[in-house]
Amino acid sequence: MKISLYNTMGRTIQEFKPINEDSVGFYACGPTVYNYAHIGNLRTFIFEDILKRELTHSGYNVNHVMNITDVGHLTGDGDDGDDKLAKTAKETGKSAMEIAKFYTAAFKKDFNALNMIEPNTWCKATDHISDMIKLIQRLEKGGHTYQSGGNVYFSIDTFPEYGKLASLKMDDLQVAVRDDVSEDLNKKNPKDFVLWFTNSKFGEQQMMWDSPWGRGYPGWHIECSAMSMKYLGESFDIHTGGVDAIPVHHTNEIAQAEAATNHKWVNYWIHGEFLLTDSGKMSKSKGEFLTLQLLIDKGYDPMDYRYFVLGGHYRTQIKFSFDTLDIARKNRLSIVSRIQEMLDNGAKKIEITSENATSLAQEFDESCASNLNMPKALAVLWKTLKSDKISDSEKYSLVLYFDQVLGLRFEEVKKSEKEELSDELESLLIERTQAKKNRDFGRADEIRDELDKLGYVVKDTAKGPVLSKKL
RNA sequence: GGUGCCAUACCCAAGCGGUAAGGGAACGGUCUGCAAAACCGUGAUGCAUCGGUUCGAAUCCGAUUGGCACCUCCA
């Protein structure tokens, strides 16, 4: 099946054609590990996971690389900033390495909890300093750099295509610095950016390395260019990130990579939109943000959040609210209980062969392949669950097939087991059944209320009463 | 100041020129001692507003209104 994707480079939906027939090189901008990831960050990673799953589902062998930024990510503009990790370290009294290690582990925990498939390669910035230095040297030889005020800068005037991803024009760039951003007088062009720092206003950094330009540390943008080329080659297929990366980070990455190699670097740039709250964007710098753990603490399953994210297209902003998350949970649990019911009725995984089932599979695949239209894909899932034209086994098999892309852990749904009820619950249930038999409905309803208080709901099914935990 | 994006029923949300997917809520029904669950059914003559293009527009163009993001760090 042909996959079409919205390419930020060109701003159009394009048919995906990889450089090599069967394999895809895929670089995803990873987290900066100076704090917990918030659920807005995680939305982007879920979108990337869906993209990766869809490519795999369509038969491509995906080589997925994700970086971990553990140095050099400034909090402010140019020289005016401070390394985020160093800043957090200063505030907490821990070493930058300790901070990075701690939040990397926290990130991976969230990553796994959301059922995201791990990259083939995780790469840490601090493990690749020499690769970055080599790339800067290459740029230096090509005449794309200059030194000023102790730092090495990239000169955007040496790269005529600068800004093509963000549709920036050179004229705009000259006046692009806003009033509220202090100008770095070392720069020839206000949009030039630092490749290597030796001179920080913030005194001794914890993490410094020797380089041809002196002891210091790399700029943020050079990390991704250097690491992606190391693992995926000097041209590869897909590079993803959040929309915020378009005008600066990815724009600068392109400048570095293409100025160094003199040829096109990445074919498809795919960006995920933001998750918003009532007051706008969720942001780490504002201090308050929701983490996955917080949702878990409130009783949500990580899959509830994943379902919530799948409910909106990756290129539209979605507004987070607990009301909407509740609906996502309800939907998801409804699907799970339908699956369980199928299994209880003896449904098994089988080959999908009937015409009706095949056409549902086709419809699902087309939705995913059409620029990852997951809301539509979920509609096909519901259509499948409600269809009376296919058998339970076909239904179940389709659900598992869909879940290769959805990643909602439907394969983990098991037959309902006779739950181990406490003696108290057991006897209440028996008493209620007896009361009903004796047409003592007053007592029966009393018991139902008692069970409700204990957090259980009674369902009177054809096979007798079933007790399930209240949601 | 500059640059983009968005506006679809009570809520969330697809749709990208051919006559409005899906889910939730609500309402009606079947079932039930009554409920819950489940199942069946109902729901926008209209897609912010006003113009325009077209045989045909939620979809294209222009204007207006409202919301958001980016041009510092951010997913």
Side-chain angles (χ1 to χ4, degrees), chain A residues 11 13 28-32 34-35 37-48 73-78 80-82 84 87 163 166-169 171-173 175-182 190-191 220 240-249 251 271-276 280-286 289 307-308 310-313 315-319 321 323-332 334-335 337-338 341 363 367 370-371 373-383 386 388 436 439-442 444-445 448-449 452 457-462 465-466 468 470:
Chain A
R11 313 255 164 169
I13 292 178
C29 274
T32 302
Y34 66 95
N35 204 333
H38 60 62
I39 59 174
N41 301 129
L42 294 172
R43 180 195 178 187
T44 300
F45 293 109
I46 291 172
F47 133 67
E48 288 163 352
H73 201 157
L74 301 175
T75 55
D77 169 59
D80 205 15
D82 195 354
K84 282 185 172 173
K87 198 177 165 195
S167 312
L168 298 174
K169 297 189 187 78
D171 290 350
D172 300 336
L173 296 173
V175 291
V177 174
R178 298 186 333 226
D179 300 345
D180 55 330
V181 176
S182 62
K191 279 290 186 180
W220 173 34
T240 62
V243 285
D244 58 303
I246 297 169
V248 180
H249 183 48
T251 289
H271 294 96
E273 254 298 349
F274 276 131
L275 178 81
L276 305 176
K281 174 172 78 163
M282 192 171 288
S283 127
K284 286 183 188 174
S285 46
K286 282 187 197 162
F289 57 84
Y307 188 98
F308 166 84
L310 263 41
H313 190 263
R315 289 216 335 114
T316 66
Q317 298 174 341
I318 52 178
K319 204 159 139 189
S321 74
D323 285 350
T324 320
L325 184 62
D326 283 339
I327 291 172
R329 168 166 67 173
K330 189 168 185 171
N331 277 320
R332 198 193 120 252
S334 169
I335 294 167
S337 78
R338 282 159 197 268
E341 203 177 310
E363 200 180 335
S367 304
S370 167
N371 196 24
N373 190 337
M374 302 323 286
K376 198 171 171 189
L378 287 178
V380 178
L381 171 64
W382 281 100
K383 189 173 168 185
K386 293 190 168 184
D388 55 5
K436 279 181 68 176
R439 305 194 72 79
D440 181 0
F441 299 122
D445 289 351
R448 188 163 65 201
D449 289 345
D452 183 76
V457 183
V458 195
K459 292 180 194 173
D460 288 321
T461 70
V466 174
S468 55
K470 239 192 335 191

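Numbered from 1 within each chain, the chains take letters A, B, ... in sequence-line order.
B/A69 and B/U3 make up a base pair, with Watson-Crick or G-U wobble contacts both under 3.5 Å. With a cut-off of 3.5 Å on both Watson-Crick or G-U wobble distances, the partner of B/U8 is given as B/G15. Nucleotide B/A26 has B/U42 as its partner under the Watson-Crick or G-U criteria, with both atom distances under 3.5 Å. Using Watson-Crick or G-U wobble geometry with both donor-acceptor distances under 3.5 Å, B/C34 finds no partner in any strand shown. B/U64 is paired with B/A48 under the Watson-Crick or G-U wobble criterion, all donor-acceptor distances under 3.5 Å.
In this structure, A/Ile246 atom CD1 and B/C71 atom P are separated by 11 Å, rounded to whole Å. B/A13 atom C1' lies 10 Å from atom CG of A/Leu378, rounded to whole Å. Rounded to a whole Å, the CD1 atom of A/Ile327 is 13 Å from the C1' atom of B/A26. Here the P atom of nucleotide B/U72 and the CH2 atom of A/Trp220 are 12 Å apart, to the nearest Å. Atom CG in A/Asp388 sits roughly 11 Å away from atom C1' in B/C39 (whole-Å rounding). If you measure from atom NZ of A/Lys319 to atom P of B/C12, you get 8 Å, rounded to the nearest angstrom. The CZ-C1' distance, from A/Arg43 to B/A13, rounds to 12 Å in whole Å. One can place CD1 of A/Ile335 at 9 Å from P of B/G24, the figure rounded to the nearest angstrom.
In this structure, the nucleotide among B/A75, B/A69, B/A14 sitting nearest to the side chain of A/Gln317 is B/A69. Nearest nucleotide to the side chain of A/Trp382, out of B/A14, B/A75, B/G22: B/G22. Counting only heavy atoms from C-beta on, A/Val248 has its side chain closest to B/C71 among B/C71, B/A14, B/A75. Comparing B/G33, B/C12, B/U72 by their nearest atom to the side chain of A/Ala444 picks out B/G33. Distance from the side chain of A/Ala379 is smallest to B/A21 among B/A21, B/A14, B/C34. Residue A/Asp445 has its side chain nearest to B/C34 when only B/C73, B/C34, B/A14 are considered. Set against B/C68, B/C12, B/C34, the side chain of A/Thr324 has B/C12 as its closest nucleotide. In the set B/C12, B/A75, B/A13, the nucleotide with an atom closest to the side chain of A/Phe274 is B/A75. Residue A/Thr316 has its side chain nearest to B/A14 when only B/A75, B/A14, B/C68 are considered.
The phosphate of B/U72 (OP1 or OP2) has a side-chain N or O of A/Lys191 nearer than 4.0 angstrom. Side-chain N/O atoms of A/Lys330 include none lying less than 4.0 angstrom from OP1 or OP2 on B/C12. Contact annotation: A/Arg338 side-chain N/O to B/C39 OP1/OP2 distance is under 4.0 Å.
Interface remark: the A/Asp326 side chain does not form any donor-acceptor pair with the B/G24 base, using a distance-only criterion of under 3.5 Å. Residue-to-nucleotide contacts include a donor-acceptor pair under 3.5 Å from the side chain of A/Arg448 to the base of B/A35.
Between A/Leu275 and A/Arg43, the closest heavy-atom pair is N-NH1, 4.0 Å.
Among the protein residues, A/Pro247 comes within range of the sugar-phosphate backbone only, with heavy atoms under 4.0 Å from sugar or phosphate atoms but none that close to a base. As judged by a 4.0 angstrom heavy-atom cut-off over every strand, A/Glu341 is placed among residues making no nucleic acid contact.
Separating the P atom of B/U72 from that of B/U3 is a span of 15 Å, rounded to the nearest Å.
Taking CD1 from A/Ile335 and CG from A/Leu378, the interatomic distance works out to 7.0 Å, rounded to the nearest 0.5 Å. To the nearest 0.5 Å, atom CG of residue A/Leu381 and atom OG of residue A/Ser367 are 11.0 Å apart.
Judged by ring centres under 5.5 Å apart and planes tilted less than 30 degrees, A/Phe441 stacks against the six-membered base ring of B/G33.
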